[in-house]
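Okay, so here's the structure we're looking at.
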Amino acid sequence: MLRSQAMSLRSRTFIRASQAMGASHLHILVRQMLPNLVATIIVFTTISIPGKIGAEAALSFLGVGVTPSTPSWGRSIGSAVTWVSTDPWYLLFPGGALFLVTLAFNLFGDGLRDVIDPRLGESR
């Protein structure tokens, strides 16, 4: 995603104008391209975090995640499955916490994208 954004920026007129004026590659990268890529980097990072949290929880649920001395929502959900018929609250709390954290990161990333790139809101 970042590479495609950089390739798109490379063909823009302000980059070509900098090249025509004799700016070095380092100057174009630091002064022209990097400020335009920062928003993409930040938003992509905040939106990819929930996927990583879900993957860790899924691996821990299956028993191949982090070591047992480290707390994990996936392991908590896995151990609560055997107790769900007795007391469903054991499953509801770690599952709800996992859901709320991933939802919060997704909403934060979406809101951050709207704040950083206001032109995106005009096309909706």
Closest non-hydrogen atom pair, P50 against T102: CG-O, 3.8 Å
Shortest non-hydrogen contact from I77 toward L98: CD1-CD2, 4.1 Å
ILVMFWY cluster, V115 and L37 together (side-chain gap under 4.5 Å): no
Trace of the side-chain contact (heavy atoms from CB on, under 4.5 Å) decision for R75 with V66: CA-CA 9 Å; R75 193 175 320 104; V66 294; 3.4 Å; yes
Validation row: I47, F105 side chains within 4.5 angstrom (heavy atoms): no
Approximate separation, where rounding is to 0.5 Å, of S18 OG and R12 CZ: 12.0 Å
Atom pair CZ (R3) and CE (M7), whose distance is rounded to the nearest 0.5 Å: 4.5 Å
Pairwise distance CD1(I49) to CZ(F44) - rounded to 0.5 angstrom: 11.0 Å
ILVMFWY network linking I41 to I28, side-chain heavy atoms under 4.5 angstrom: yes
Same apolar cluster: I53 and F61, side chain cutoff 4.5 Å: yes
Atom of G109, atom of T46 and distance for their closest heavy-atom approach: CA-OG1, 3.2 Å
Worked check of side-chain contact (heavy atoms from CB on, under 4.5 Å) between R16 and S11: CA-CA 7 Å; R16 297 210 179 211; S11 65; 4.0 Å; yes
Nearest-0.5 Å distance, CG of residue L112 to CG of residue L107: 12.0 Å
Derivation of the side-chain contact (heavy atoms from CB on, under 4.5 Å) call for N36 and Q32: CA-CA 7 Å; N36 288 300; Q32 305 292 329; 5.5 Å; no
Closest approach of M1 to T40 (non-hydrogen atoms, all atoms of both residues): CE-CG2, 4.4 Å
Minimal non-hydrogen separation, S76 against S79, with atom names: O-OG, 3.1 Å
Over all atoms of both residues, closest heavy-atom pair of A6 and M33: O-CE, 3.3 Å
More than 12 heavy atoms from other groups under 6.0 Å of CZ on F99: no
Note, V84 side chain near Y90 side chain (heavy atom, < 4.5 Å): no
Close side-chain approach of L29 to H25, heavy-atom, < 4.5 Å: no
Shared hydrophobic cluster for W73 and L91 (ILVMFWY, side-chain gaps under 4.5 Å): yes
